[in-house]
Amino acid sequence: MAITAPGSAPAGAPAVLSAPARAGRSAGQRTLQALTPWLFLAAAVGLLLLFTYWPALNLFYFSVTDWDGIDLEKNFVGLDNYVEVFTDPRIFSVFGVSLYYFLGSFAQMAIALYFATLLSFSTRFQNLFRGILFFPYLINGVAIGFVFLYLFQPGGTLDSVLAWFGVTDPPQWLGDPSIVNWSLAGTSVWRYTGLNFVLFLGAIQSIPRELYEAADLDGASKWQQFWALIFPGIRRIIGLSFILAVAGALSVFEIPFIMTGGANGSATFVIQTLQTAFSFRQVGLASAMAVVLLVIVLLVTWVQRKVFPDEKVDLT
C-alpha cells in the first residue's frame, strides 16, 4: 500500500490545477471562443477577396491599358478605352438586343405571378404543377440551349408541330434577324419563370391565412383579394424580381451564345465583350466594356430603388 503524506491527494486521483493555472486555462478558452466566429468569418472574407474583389481590381487596371491578353507588357493608355466605348456606335448598339429580354422578363413575371397565385391555394395536383414550373430552372443552361437549338432548327420539333396545323412555310426562327431575338427571349422566359414562381409563391404563402378568411367573410372576390392582399403583400418581392430582370436583361449570355453565337443580330453586350477580348485580342477595351456594364447595372438598380422605395408593408 502506498503511503501518502498528510494533506496530499491519494494515489491515482486526478491532479488539481492551482488557481493561477485554472485562471490561465479559463482565459485561454474564453479567448478561443471569442476568436472562433472571426476565424470562420476570415475564411469566407478571404475567399471573397481572392476570387471577387481582387479580379475586379485587376479588371479596373486592365481597362486603362492596351493589354492584348498575351504579352507581358501592358502600356498605360488612360481613359482611351472608355472613350472608345462611348464613341463607337457598334458597341452600344447591342444594348438594343437587351430590350427583347427585358420585355420577355415582364411576360416571365406575369406568368410566374399567375401560377403562384393559383397554386398557393388548394388545387388538385398542386405539388405536381409546382415541380413542373420550377424544373426548367434546375436544368443546366447549356443543356437548355442545345434542346431549344433542335427545337428551332429548320424542320425541327417546332416546325413539325406547326405542320400539323397546316403551317407549311414556317419562318427561320434562328436565321431571320427580325425573329431570332424573340426566339431567344422566349427560351429565356421558359428557363427563368420557375425562379420568379418560387419567389412569388413563398411570399404569397407568408401572408396570414386569417386575412383571406376575413376577406371571404366580407364577400371579397378572388380578384379583389389579389389586389387588396396578395399584391401589396408581395410588393417587395416584385421589386426584387424587377431588379433581377433589369440586371439579367443587360447581362444575357448563355442562351444566345450557345444557340447562335451572337450571329444574325443576336449578340448581347456580354457576348461582344468576350469577342473583343478573346477574338480580337483587345483585353483592355473589353475590360473597359465590362466596367461600363457594371456601372450601368448599379445605376439602374439605384434609380429603381429611388423610384420604388422599399416600404414596409403592414396588411394588418
Side-chain angles (χ1 to χ4, degrees), residues 98-139 144 148 151 158 161-162 164-165 167 181-250 252 255 300-316:
S98 299
L99 293 177
Y100 292 92
Y101 298 93
F102 185 67
L103 295 176
S105 65
F106 283 98
Q108 169 185 309
M109 287 191 291
I111 295 172
L113 183 57
Y114 171 77
F115 283 106
T117 303
L118 186 65
L119 297 177
S120 62
F121 300 100
S122 179
T123 308
R124 294 185 62 183
F125 307 110
Q126 63 178 2
N127 290 331
L128 174 63
F129 291 123
R130 289 176 181 178
I132 292 174
L133 288 169
F134 185 64
F135 179 71
Y137 183 69
L138 301 177
I139 304 176
I144 292 177
F148 277 85
L151 177 72
L158 182 58
V161 173
L162 292 177
W164 298 345
F165 298 93
V167 180
N181 288 312
W182 291 112
S183 302
L184 298 175
T187 304
S188 181
V189 169
W190 183 83
R191 182 188 181 190
Y192 290 104
T193 297
L195 174 61
N196 293 106
F197 167 75
V198 171
L199 293 176
F200 293 151
L201 183 65
I204 292 174
Q205 291 184 337
S206 67
I207 299 176
R209 289 292 175 181
E210 293 80 6
L211 298 180
Y212 295 112
E213 296 174 358
D216 288 332
L217 293 176
D218 291 338
S221 63
K222 294 298 182 182
W223 183 252
Q224 291 172 331
Q225 291 181 21
F226 174 81
W227 285 110
L229 296 177
I230 296 177
F231 188 80
I234 65 173
R235 188 166 54 192
R236 288 184 175 183
I237 303 301
I238 293 177
L240 172 63
S241 298
F242 183 76
I243 293 175
L244 296 176
V246 173
L250 293 174
V252 175
I255 298 298
V300 171
T301 303
W302 178 80
V303 171
Q304 191 272 340
R305 301 300 293 174
K306 289 296 183 181
V307 175
F308 303 102
D310 188 10
E311 299 177 356
K312 184 177 181 180
V313 179
D314 187 8
L315 296 176
T316 60

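What you are looking at is a predicted structure, and each value in this text was computed from that prediction instead of being measured.
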Q. What distance do L119 atom CG and I204 atom CD1 have between them, rounded to the nearest 0.5 Å?
A. 9.5 Å

Q. Got a donor-acceptor contact below 3.5 angstrom from the S120 side chain to the L201 backbone?
A. no

Q: Can you sort out the partners of W227 under ring pair (Phe, Tyr, Trp, His ring centres under 6.0 Å), two or more places apart, ordered by chain and number?
A: W223, F231

Q: Report the residues that fulfil side-chain contact (heavy atoms from CB on, under 4.5 Å) with I243, sequence neighbours left out, ordered by chain and then residue number.
A: T301, Q304, R305

Q | All pairs passing side chain to side chain donor-acceptor pair (under 3.5 Å) where residues 102-115 contributes a residue, at least two apart | A | Q108-N196

Q: Can you tell me which residue pairs pass the salt bridge (charged side-chain N to carboxylate O under 4.0 Å, His left out) test with a partner in residues 210-226, sequence neighbours excluded?
A: none

Q: Could you tell me which residues satisfy side-chain contact (heavy atoms from CB on, under 4.5 Å) with A220, sequence neighbours excluded, listed by chain and number?
A: A215, Q224, Q225

Q) Measuring from N127:CG to I132:CD1, what's the distance to the nearest 0.5 Å? A) 11.0 Å

Q | CG-CD1 distance between L113 and I238, expressed to the nearest 0.5 angstrom | A | 5.5 Å

Q) What pairs with F129 under ring pair (Phe, Tyr, Trp, His ring centres under 6.0 Å), at least two apart in sequence or on another chain? A) none

Q: Among residues two or more places apart or on two chains, list those pairs meeting side chain to side chain donor-acceptor pair (under 3.5 Å) that have a residue in residues 197-209.
A: none

(Q) Taking OH in Y137 as the centre, count heavy atoms belonging to other residues, nucleotides or ligands within less than 6.0 Å. Is the count above 12? (A) no

Q. Of all heavy-atom pairs between G248 and V252, which one has the smallest distance, and what is that distance?
A. O-CG2, 2.9 Å

Q) If you take all heavy atoms of F134 and G194, which pair is closest and at what distance? A) CD1-O, 3.4 Å

Q. Would V246 and F102 count as a side-chain contact (heavy atoms from CB on, under 4.5 Å) if you check the C-alpha gap in whole Å, the side-chain angles of each, and the deciding distance to 0.1 Å?
A. CA-CA 6 Å; V246 173; F102 185 67; 3.5 Å; yes

Q. Does a side-chain heavy-atom distance below 4.5 Å link F242 with I237?
A. no

Q: Could you pull out the closest heavy-atom pair between G233 and I207, with the gap in Å?
A: CA-CD1, 4.3 Å

**Q.** Gap separating the CD1 atom of I234 from the CG atom of L229, nearest 0.5 angstrom
**A.** 11.5 Å

Q | Results of side-chain contact (heavy atoms from CB on, under 4.5 Å) for I144 - residues two or more places apart only | A | I139, F148, T187, W190, R191, I255

Q | Of all pairs that satisfy ring pair (Phe, Tyr, Trp, His ring centres under 6.0 Å), the ones with a partner from residues 195-219, not counting sequence neighbours | A | F121-Y212

Q.
Please enumerate all residues that pass salt bridge (charged side-chain N to carboxylate O under 4.0 Å, His left out) together with R130, with sequence neighbours excluded.
A. none

**Q.** Closest non-hydrogen atom pair, V189 against G104
**A.** CG2-O, 3.2 Å

Q: Could you tell me which residues satisfy side-chain contact (heavy atoms from CB on, under 4.5 Å) with S188, sequence neighbours excluded, listed by chain and number?
A: Y101, Y192

